[in-house]
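First comes the structure, then the notes that go with it.
Computed from a predicted structure; not experimentally measured.
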Amino acid sequence: MARSEPYIQYLTRIEAISTAFRNNDFAGLTDLLDEGRTRITRHAHKRAISDAIRAIDAVSTTGTIGDVLDRMADGHLLAMPGKLKDLERRRTATDLDERDQRRADFSNNLRGVSYREVISVTYFIDELTPFSTQHGVKGDEFENVLVVVDDRAWNRYSIGKMLAGTDKPDRTERSRNLFYVCCSRAQRGLAVVFVDDLPDGAESTLHKWFASGTIHP
């Protein structure tokens, strides 16, 4: 399943939240919840979030992916993205065309899979591959780092617009902080790859920030 698949994006974020909570990584947990528009502003919020995560963990040990998704829908821990909401609505719809019916069958079959499979896949990615998310590497350092930027993969960040100086102030700040976290992990060698073409003005910023390096259009 591709990482851009709505289900895998949501499920891996759920598991990242549970892992951060178990590891007492409250800074990482706050960042993950903030991306999902869950804000911690009062002590009561902390208690509700802790209870919600414990409830998810209890279901995830023996339940299915569908059980975890249903439990997430009952609370307000992490909002379900619009694309995933649409897939969930369509999976029980009638009179679907052939393409949508295949998608609905996929969704229903996926919901029947043990959630332990998600945990296993996440563990495999974290432990046995050299790749990680920006949250997974916060505070770590590596001799050489490759940063892959795909602005289509998120809505709360836009590295390209941040570099071009054309984004809203709040998202510009989030994007700048994210880009700093990614690039500052390198002790010696750093390579940054942009999946999409950069907007006008972004390349000149890169020339200023990486004056000692080489930039390939």
Side-chain angles (χ1 to χ4, degrees), residues 3-4 6 8-42 45-46 49 53 76-83 122 125-126 129-215:
R3 291 184 68 87
S4 59
I8 199 62
Q9 286 186 337
Y10 189 60
L11 292 169
T12 52
R13 182 168 290 176
I14 292 172
E15 190 54 28
I17 287 173
S18 294
T19 299
F21 182 77
R22 290 193 296 269
N23 293 338
N24 294 321
D25 179 11
F26 298 112
L29 178 61
T30 300
D31 284 347
L32 288 162
L33 291 173
D34 185 57
E35 284 188 25
R37 306 299 176 89
T38 299
R39 299 295 178 89
I40 304 174
T41 58
R42 298 199 302 267
H45 292 168
K46 295 181 180 179
I49 289 169
I53 294 175
H76 303 283
L77 183 63
L78 187 65
M80 186 176 289
K83 289 182 179 180
T122 303
I125 292 172
D126 289 344
T129 72
F131 304 104
S132 184
T133 64
Q134 68 275 15
H135 300 291
V137 298
K138 182 175 290 187
D140 295 333
E141 291 185 336
F142 307 91
E143 183 175 4
N144 298 299
V145 170
L146 169 65
V147 178
V148 180
V149 179
D150 182 1
D151 280 334
R152 295 172 301 177
W154 46 44
N155 294 319
R156 286 176 56 77
Y157 306 94
S158 177
I159 305 300
K161 289 183 178 180
M162 178 272 293
L163 293 169
T166 59
D167 209 355
K168 297 180 295 184
D170 57 341
R171 191 164 71 165
T172 293
E173 182 177 1
R174 287 196 302 269
S175 300
R176 185 185 295 111
N177 291 339
L178 174 70
F179 194 56
Y180 171 79
V181 168
C182 295
C183 295
S184 61
R185 301 309 92 197
Q187 295 175 318
R188 182 179 179 184
L190 171 67
V192 181
V193 177
F194 292 88
V195 175
D196 293 319
D197 292 335
L198 289 170
D200 293 340
E203 191 172 326
S204 62
T205 302
L206 289 174
H207 278 286
K208 295 176 183 177
W209 288 5
F210 298 96
S212 61
T214 302
I215 296 178

(request) Mind checking the CD1-CZ spacing from I159 to F194? Nearest 0.5 Å is all I need. (result) 7.5 Å
(request) Would you mind reporting whether L178 and R174 have side-chain heavy atoms less than 4.5 Å apart? (result) no
(request) Nearest 0.5 Å please: distance from the NE2 atom of H207 over to the OG1 atom of T214. (result) 10.0 Å
(request) Taking all heavy atoms of C183 and all of V192, pick out the closest pair and write down the distance. (result) SG-CG2, 4.1 Å
(request) Could you list the residues that satisfy salt bridge (Lys or Arg N to Asp or Glu O under 4.0 Å) with R171, not counting sequence neighbours? (result) D167
(request) Give a yes or no on whether the backbone of F179 and the side-chain of Y157 come within a donor-acceptor separation of less than 3.5 Å. (result) no
(message) How long is the straight-line distance from CD1 of I14 back to OG1 of T19, given to the nearest 0.5 Å?
(response) 11.5 Å
(message) Within this structure, what is the CD1-CZ distance for the pair I49 and F21, rounded to the nearest 0.5 Å?
(response) 9.5 Å
(request) Write out all pairs satisfying salt bridge (Lys or Arg N to Asp or Glu O under 4.0 Å) with one or both partners inside residues 194-206, taking only residues at least two apart or from two chains. (result) R152-D196
(request) Mind checking the CE-CG spacing from M162 to N177? Nearest 0.5 Å is all I need. (result) 9.0 Å
(message) Do L206 and L163 make a side-chain contact, defined as non-hydrogen atoms from C-beta onward lying under 4.5 Å apart?
(response) yes
(message) Please determine whether the number of non-hydrogen atoms from other residues, nucleotides or ligands lying under 6.0 Å from atom CZ of F210 exceeds 12.
(response) yes
(request) Walk me through it: do V149 and V193 pass the test side chain to side chain contact (heavy atoms under 4.5 Å, CB included)? (result) CA-CA 6 Å; V149 179; V193 177; over 6 Å; no
(request) Specify the closest pair of heavy atoms between P199 and K161, including all atoms of both residues, with the distance to one decimal. (result) CG-N, 4.1 Å
(request) Would you confirm whether D151, through its side chain, and G160, through its main-chain N or O, come within 3.5 Å as a donor-acceptor pair? (result) yes
(message) Distance check, rounded to the nearest 0.5 Å: L146 atom CG versus L190 atom CG?
(response) 8.5 Å
(request) Compare every heavy atom of S158 with every heavy atom of S175, then report the nearest pair and how far apart it is. (result) OG-N, 2.9 Å
(request) Kindly check if the number of other-residue, nucleotide or ligand heavy atoms within 6.0 Å of CD (Q187) is above 12? (result) yes
